[in-house]
Every structure is written in structure tokens, then in C-alpha cells.
Number of protein chains: 4
Amino acid sequence: MPDASRRSERSRSAILRAAVALLEEKEYADLTVEAIASRAGVGKQTIYRWWGGRGPVVLDALIDHLGPDGPPSLPDTGDLEGDLRLVLRAIVAELADRRLSATTRALTIETLSSDEFAERMRDRLLRPQLDTIKERLRAARAAGQVRDDVDLDHAVELLIGPAYHRWMMRTGPLTEGYADDMVDLALTALRPAAVRSGAAGGAADSP
Amino acid sequence: MPDASRRSERSRSAILRAAVALLEEKEYADLTVEAIASRAGVGKQTIYRWWGGRGPVVLDALIDHLGPDGPPSLPDTGDLEGDLRLVLRAIVAELADRRLSATTRALTIETLSSDEFAERMRDRLLRPQLDTIKERLRAARAAGQVRDDVDLDHAVELLIGPAYHRWMMRTGPLTEGYADDMVDLALTALRPAAVRSGAAGGAADSP
Amino acid sequence: MPDASRRSERSRSAILRAAVALLEEKEYADLTVEAIASRAGVGKQTIYRWWGGRGPVVLDALIDHLGPDGPPSLPDTGDLEGDLRLVLRAIVAELADRRLSATTRALTIETLSSDEFAERMRDRLLRPQLDTIKERLRAARAAGQVRDDVDLDHAVELLIGPAYHRWMMRTGPLTEGYADDMVDLALTALRPAAVRSGAAGGAADSP
Amino acid sequence: MPDASRRSERSRSAILRAAVALLEEKEYADLTVEAIASRAGVGKQTIYRWWGGRGPVVLDALIDHLGPDGPPSLPDTGDLEGDLRLVLRAIVAELADRRLSATTRALTIETLSSDEFAERMRDRLLRPQLDTIKERLRAARAAGQVRDDVDLDHAVELLIGPAYHRWMMRTGPLTEGYADDMVDLALTALRPAAVRSGAAGGAADSP
DNA sequence: CGCTAACCGAGACGGTACGTCTCGTCTTAAA
DNA sequence: TTTAAGACGAGACGTACCGTCTCGGTTAGCG
């Protein structure tokens, strides 16, 4: 119904910037449509007209914030374990920081609350990030460092799923050591039998 | 301040039952204190007096609902892979069912929203469940089926983290095949080198 | 703070009509803000925004109900006693009727409860009514029917004060005879000595 | 139903004292049953058992407070005008004082709210006070200072009604001058024609 | 002189209304 | 027609009291 050609670019970007700013400095429960509108100096109706609610604004804001071109592809140094350690250490560092993980927290809450949001978030934000890891694994498989018979999507989830679980459920600290340990475990599972090296893990049980 | 000895057991259980019922039949956003009070035939003040808000009620309701004795310990048939497949298949089946997973969805949202809730939920609901898996793995390690050098907490997260990630992010279907595949991958990572069998996984890449 | 130019006339009048209707059909204690809002099909906030509570709404409702132009001026037939009997009989008849006096009862309770309400009620509702009587007495004084040295405000209170006292305190029936008797007594007090006729009153003592 | 012989005198008097104290230091709206019970160190049920609610407690409290023997009879110096001036000046002084008139305010509100309360208040508190004035007037009538044909109840209301009206409606200041003026006006109406002196009133109109 | 029934304080209970907050829609005036 | 502004109907929030009910613990009067 609204005529997109008349849409105010000034308002659009003010809204997205306000949403990101509020995400970073307040609890997600305080990120109300009224707060965004007020901070952006915009009428509430402008938000409801073009997005329809808080969720879609947050999604757009983060897409915009994290770079509309999507994440850069992972480096491929040839050292699979080293490359994956860098990725997982980065993920774990972001999750461990309350400020940095605020956006992920917001996205997760919204994802759990709305199917529609979940799909859009997955396709427009998450998938591109996971695909960078998947591509690295695909290259590794071509190089014979990963078994031919593993589903690469499963492989990605094996790598990062545990960290997200630990973050959400607060079951333990998110450290570099944890990241490295998980990379070891995952690679042990993924490497071809012939190539498989001896040890993974190495820590004793947590108390 | 309130005198617990005068607390009405009738009201307490009516409230918890109402909360579970509403969780299963409505969106989490519709689970208001007023709705719980009304459904339970109880004054709002009774909820605020003993719990203080929606979150703690939901937590208690689920602790009560899932059995106050905690989850039963896992069977140990000697077949580690078989036992773990049963566990992960059960988890995946619950997550795949919209009705059954409503409680987990609610808990996760509340966990992401409140630190205090997160801690209580982790200690009173989640930990006991994870510990049953941990104990099964400990037995397996004693039997030489799991490497001595893995942190069992990490092992548990390796096993179930991917499924929760897939559930939350909707990155793919949650099937028995997925559960079995993840058990294979995890066990490949966990088994001592000497015992390690050839294949894990087996599916081609998802499209 | 609210912008009066955007105020909804539809809501304003619906609220005032609802208040009058409820005043006439229920006890004053049942005249809650929620009941008014519900009956008027209006959000509670609209009442709190423009009035601030029950009292001011009731005041406005009655000002609106009794005619925003104020009471009509009293007739002046030249017969002072006759004119005043009409006034006091009308007052007494209204007070004697439970339904008709419901509004006066409400106003009086609110007046006794709030200084601010008391002032607004006096200036906007009561004073205009008392002034009509005062004007009639002023005309009578000009015609030599009332002594020059009486304070006309005192004269008005001498006339109507007893009836209100009897109504409030239920010390006796409010009849036409009572009204006439009080007019006689008051006029006896007010008439110039030269004009003063013999008898006032006439009833024997009440039992 | 309750057995009066077992009633606790300690509680009874604590409740009445608490009610009077709260009446004098708070708004009438703050005089809740819970506040009385708490101040008196008494269970709420004790109040509901013996009185049934706030109104009856207030009534009893004031009867108790103002002296259970009722008001003393008026002095009769032979000077009717002087005696009545004392009475009306006392009434007016009490009404003019916010603290002293708090009890009258409370009684009036309750009287307007409940028929049952109104009757009990009238018979047990008000009538005895009015009767002292009535008796003084009866003596005056016997002495030929008041006309034989006036209803003494009407005469009492003529005397005090205006002051109560002015108090309630805040239509003007309650001063000794006002009291004296009203006594003059009333006596002018009440005196036998033969005895009637020239002037009553004397103030010019209020501005 | 002990039993026992009613009182007592305390305060939890199911309710109702309060006054506030935020939602998502609707209305207005300016650009 | 879109915008900023903000009033609107709706309804949940958390609090205060209502009047009733349920506890143990006195306390008085009958046996």
C-alpha cells in the first residue's frame, strides 16, 4: 500500500541507526518501537508503515550494521585447524562480551518468538555467515582434509553449535581454550580415518 | 516477608498447572500474569507474593511439570552408540514438535532476557538433564569407549549443541537421521584412537 | 503536556455522558474510572490524560449536564415570597428524590474530600446557582422588600442552608411545607422592620 | 453470633483510639480498615467482627472521643442572643479549623454514603447536640423571647444550617462576625413581633 | 483445675480498582 | 502523500485494600 518511491531515506537510516544504538546500550526489553522512534526523531507510524514492528526493524538494522555485502569469506591458509580456530575464537569472543553479544541475544529472542522473523533472519544474516565456514570446509574436503561422506551443514553445526549452547545456557565459560578444544573435537570427527591424528581435547573434566 | 507456612498448596499447584497449560496452548507473549491468575482462579497478588513475576513462575511450573525428582538416569545397555542415539533422538523429537518445544522456547527466551532466571534455570532444570548424559559418558570412559582426555562437559555439548542450534536457527530439519548422524560424528571425536572405527556421517551435503 | 487541539470531542462527550448515566443508576462508590471508561468505550488513559481522575470528570459531567450556560435567572413576579417559595420548593423536591439528588450527593462527597475540587465546584456550579437567588434578593432590596443592611450572601445561606443541613443529616422530612416555612422564617428576618408582618412559621414543634 | 462477654476491651479501645488518631492526621481516604488495624496492633477480623466496616468504627470512635455522656447542656444566662452567639461561634470555630473539622468531614462523607450510618450518626451524635440548642430555645420560648408558633427543630436548623452550608461549600469565611450575624438574623425571625428589635445583620454585601 | 470453645494477632486468600505503561492504529497539520 | 507528533482504544503491569478465611496461641468460663 505505501508508495516506496516517496519513502524518506533520511528517516529510514535514522531508524536503523537508532535501533543499533539502543540495542547496544539497553536491555532488549527496553528496545520498544516508541524508543526507536523517539531516538530517531521519527513518528511511530513511519516504523509501522515500512517495517511493521520491532522485529523487522532490528533485522534490517543489523543487516545494515554488519555490512550489506555480507561477511567476508574466510581466509584459507591451508592450515585448516588454524583457520577454524580463528573463526571459533572470534565467535566465542563475541558471545563472551555482553555488549557485543547483545545483538545476537536480540536476534535469538526474536527468532524464537516469530516464525517469519526466524526465516528472514536465517536467510539474510545467519546463512551467509555459516556459508563462509562451509566454503572453507568444502575447500578442505577438496584437499582431502575432511572426509567425503560428511554433510558440510552438519559439520558447521558440529563446530559452532556447542559454543552457542554454552552461551545461551551459561553452562560454562567461553574462552579461547574452549574454542580450541571444540575445533580439535570437531576436526577429529571430520578428518578422514587415514589422516586422523591421535589426540583431541586434552582438558580434564570440569569440576 | 510472607509466611511460607501459611501458603496455600491448592493455589500453588493451580498456578503452576495454569502456567503449563497456557504455555502449551498460546504464544509465550500471551502468557501474562493476569492470564495465569485468571486461569488458576487466583488473585494476581498471590503470584506476585510468592514468585514476583512471570519468569519465576514459568521456571517453577516446568520444574514441577518435568518431575520434581529430576530426569531419570540414562539406561546403560553397554552399547554407547545405541544409548546416545536414543537420547538425541528424544531431544530432537521434542524440539521438532511445536507443542512439546513450547516450554523450551519459553525457557530460552527468559534465559536470554534475565541473568537471574538463567542461573536458576541452568541449575535446577538443565544441569540435571545434562548430568544424566555426562554420567553415561563417564561410564563409557571407564569402559574404555571414550578417550580419557576429553572434558565430559565439552563432550555433552558436542553431542547436543548442534541440535539446539539447528532448532533455534531453523537451519534444517530435525529428524532421526540428523540425530543419528550427530551421534556418529560426536562418537568419532570421542572414541580412543585405537578403537576408532572407519565411518561417521554418511549423508551427502544438504542441497 | 497533552495537545488540546488534537483532543477527541467524540471521546470527551462519551465520557461525560457515561459519567452522568452511571451517577444516576449506581451508588457513587460504584462510579469508578474503569466503569466510566468501559461504558464510554474509551481507554482509561484518555480519562487520566484530560481530567486526572474521577472527581474532575464528575464535575465536568455535571457542568455539561446541567447546561453549560448556567442556570436561568429566577423569575421576578414582584411577589418576593412567592418567588422564593418556588425556588426553595424546587431545591427541596430535588433533594428529597433519591435519584435526582444523587449528583448533589456525589458533588458533596467529592467537595469534602478534595480542596481543589471544592473550589472548582463552587465557582463553576454552585456560585452561578446561588447568584440567581442573590440577584432576586437584590431586586427585592431595591424594591424596599429587604433590609438594606443585610449581606445578601448571608441572606441566601439563611434561605437554603437549613434545607441542605436537613437533607444531609436526615433530621427530618423535606416537604413543600418545610420549604414554605423556611421561606417565611427567612423573610421575617430579612424584611425591613416597618414592613415586617406578624407571623412566620406556624407549625407546632416536631414530636 | 460473637459472644460479647469475651470481647477484648484492650482491642476495642485500641481500635477506637487508632481511628481517632488517623482521622486527625490523615485524609479520610487514607483511613482504611487495614490502617486502623495496623495502628491498633489488631487483626482486621477483630474490626469486621465487632463493627463490620470502617463507617461504624468511625462513628463509635467519635462517640467515644466526644464523650460518651453526650454534650453538656447549654448555659442559660437569660441572655438568649449571648448564649446563642457562644454556641454558633463554637461551631463556626470548629468548622474553620482543618484539624478539628476532620471528624465532621468524615462523618458527613459517611453519612452521604450510607443510609444506615446516617441514621445511627444522627441519633447518637447529632441529635444530642442539636437538642441542647433546642432546649435552650424552648426555655427562651417559655420566657417569651421566641414566638410560640415556630417549630423548634426548624429554628435550630435556621440557626446552624447556614454555617454548615458555608463550611461544606466553601462559599465564604467562617468567622465570629459571620456567627454573630447569623444569630442576629435567626433571632429576628424567631422573636415575637412585639419584642422584635430593629436591626439584624449590619454588614454590607460581600464583594 | 483442667477442658474447650471463642477470642485474638497475623496475614494469605480471591477479588476489584487503581494509576501507569506500551502496544499498534488513527488523526492532524506541515512540508 | 508522506512525515513528525501524539491522541486514541486496548489491555497488562504491579500495588493497595477490600472483606473472608485459616492458622496457632491465648483466655475465659463451665464442668
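Reminder, nothing fancy here: chain letters follow the sequence lines and each chain counts from 1.
Side-chain proximity of C:S8 to F:dC17, F:dC8, F:dA12: nearest is F:dC8. The D:D3 side chain lies nearest to E:dC7 when the options are E:dT22, E:dC7, F:dC17.
Remark: P of F:dT22 and CD of B:E9 are 16 Å apart, rounded to the nearest angstrom. Between A:E27 atom CD and E:dT22 atom C1' the separation is 18 Å, expressed in whole Å. Atom CG of B:D30 is separated from atom C1' of F:dC13 by 16 Å (rounded to the nearest Å). Distance, C:R12 CZ to F:dA7 P: 17 Å, rounded to whole Å. One interatomic measurement links the two molecules: CD of C:E34 to C1' of F:dT15, which rounds to 13 Å at whole-angstrom precision. Atom CZ of D:R39 and atom C1' of E:dG9 are 18 Å apart (whole Å). Per the geometry, CZ belonging to C:R7 stands 17 Å off P belonging to F:dG6, to the nearest Å. Spacing between atom CD1 of B:I15 and atom P of E:dA12 amounts to 14 Å, rounded to whole angstrom units.
Side-chain atoms of D:R6 and base atoms of F:dA28 include a donor and an acceptor less than 3.5 Å apart.
Contact annotation: the side chain of A:E34 approaches that of A:K44 to within less than 4.5 Å [non-hydrogen atoms, C-beta and beyond]. Between B:R124 and B:D60 there is a side-chain heavy-atom pair separated by less than 4.5 Å. Put simply, the side chain of D:R7 reaches to within 4.5 Å of the side chain of D:W50, judged on heavy atoms.
Taking each heavy atom of A:I47 and A:G53 in turn, the nearest pair found is CG2-O, 4.4 Å. In terms of heavy atoms, B:T46 sits closest to B:S11 at CG2-CB, 4.3 Å.
Both tests do not hold together for B:R54 against B:F117: distance to the six-membered ring centre under 6.0 Å, angle to the ring axis within 45°.
Direction change of the helix axis from one end of the helix from E:dC1-F:dG31 to E:dA31-F:dT1 to the other is 20°, with five pairs defining each end axis (rounded to 10°).
Comparing A:A35 and C:A35 along DNA chain E, the residue whose closest nucleotide (by nearest heavy atom) sits nearer the 5' end is C:A35. Closest-nucleotide positions on DNA chain F for C:A37 and B:S5 were compared, and the one nearer the 5' end corresponds to C:A37.
Shown are C:V58, C:L22, C:V20; of these, the side-chain contact (heavy atoms from CB on, under 4.5 Å) with C:I36 is made only by C:L22.
The number of heavy atoms from other shown groups lying within 6.0 Å of CD (C:E9) is above 12. Surrounding CD of D:E24 are more than 12 heavy atoms belonging to other residues, nucleotides or ligands, all under 6.0 Å away.
Here A:S11 lies in heavy-atom contact (under 4.0 Å) with sugar-phosphate atoms only.
Looking at residues 40-55 of chain C, you'll see C:K44, C:Q45, C:Y48 sit with a heavy atom under 4.0 Å from some atom of DNA chain E.
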